[in-house]
Amino acid sequence: QNHSKIIMSRATLIKLYNKYEHLAVEYANKIFDEQAISLEKEDIVQELKMKMFTTIRSYGKRWRKYKNGEMNKPVKLEI
């Protein structure tokens with residue numbers, strides 16, 4: 001039964017990531033400046049996608065601990 005929770009958790013993670021992935025491109029467009037940043041625009045997009053994925057995954061872990069009564073309710077993610 002625990003294994004099915006992990007699979008559902010991964011499915012939820014992927015669903016949420018796919019829902020918000022487009023924001024990485026939007027934010028990269030806002031902060032990209034060839035003169036000020038030594039990274040390529042695509043590198044910034046990739047970095048934002050990785051940060052978004054790990055943030056969603058971490059929030060999911062904290063939410064699961066909250067549901068199991070192991071910690072306080074996590075602060076809502078503002079994306």
Side-chain angles (χ1 to χ4, degrees):
Q1 192 177 34
N2 190 21
H3 181 46
S4 65
K5 286 183 180 180
I6 293 171
I7 292 172
M8 288 173 53
S9 175
R10 286 183 184 155
T12 302
L13 172 63
I14 299 298
K15 180 181 174 183
L16 288 171
Y17 174 78
N18 288 336
K19 181 177 179 179
Y20 295 109
E21 180 184 19
H22 71 279
L23 293 176
V25 176
E26 288 181 32
Y27 292 149
N29 286 335
K30 288 182 180 182
I31 64 171
F32 180 69
D33 180 358
E34 287 181 11
Q35 308 302 320
I37 300 177
S38 63
L39 297 171
E40 295 291 327
K41 184 175 174 183
E42 198 52 44
D43 293 335
I44 297 170
V45 171
Q46 188 63 28
E47 185 70 27
L48 290 172
K49 286 181 179 183
M50 289 188 311
K51 287 182 185 296
M52 188 179 304
F53 185 84
T54 56
T55 299
I56 292 169
R57 184 179 65 191
S58 177
Y59 185 83
K61 288 178 183 178
R62 289 191 309 271
W63 184 261
R64 189 174 322 136
K65 286 182 179 183
Y66 161 70
K67 286 296 193 179
N68 291 334
E70 300 171 20
M71 68 179 292
N72 294 332
K73 187 174 181 178
V75 177
K76 182 180 176 183
L77 288 176
E78 296 292 333
I79 298 180

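This structure is a prediction, so every number in the text was calculated from the model and none was measured.
When the side chain to side chain donor-acceptor pair (under 3.5 Å) test is applied to Asn29, the partners found at least two apart in sequence or on another chain are Lys41. Among residues two or more places apart in sequence or in another chain, the side chain to side chain donor-acceptor pair (under 3.5 Å) test is passed with Arg57 by none. The side chain to side chain donor-acceptor pair (under 3.5 Å) search around Thr55 returns none, not counting sequence neighbours. With sequence neighbours excluded, the residues that form a side-chain contact (heavy atoms from CB on, under 4.5 Å) with Lys73 are Trp63, Tyr66. Checked against ring-ring contact (aromatic ring centres under 6.0 Å, His included), Tyr59 has no partners two or more places apart in sequence or in another chain. Applying the salt bridge (Lys or Arg N to Asp or Glu O under 4.0 Å) rule to Lys61 yields no partners; only residues at least two apart in sequence or on another chain are considered. Evaluation of the side-chain contact (heavy atoms from CB on, under 4.5 Å) rule for Glu47 yields Met50, Lys51 as partners, not counting sequence neighbours. Considering only residues two or more places apart in sequence or on other chains, Glu21 meets the salt bridge (Lys or Arg N to Asp or Glu O under 4.0 Å) condition with Lys49. Remark: Ile31 pairs with Ile44 by the side-chain contact (heavy atoms from CB on, under 4.5 Å) rule, at least two apart or across chains. Considering only residues two or more places apart in sequence or on other chains, Glu42 meets the salt bridge (Lys or Arg N to Asp or Glu O under 4.0 Å) condition with none of them.
Residue Ala24 comes nearest to Met52 through the heavy atom pair N-CE, 4.0 Å, listed as atom of the first residue, atom of the second, then distance.
Here CG of Leu23 is found 10.0 Å from CG of Leu48. Values are rounded to the nearest 0.5 Å.
The hydrophobic cluster containing Val25 also includes Val45, under a criterion of side-chain heavy atoms closer than 4.5 Å among ILVMFWY residues, counted directly or through chains of members.
Residues Leu13 and Phe53 have side chains in contact (heavy-atom distance under 4.5 Å, counting atoms from C-beta outward).
Taking a 6.0 Å sphere around CG of Asn18, one finds it holds more than 12 heavy atoms contributed by other residues, nucleotides or ligands.
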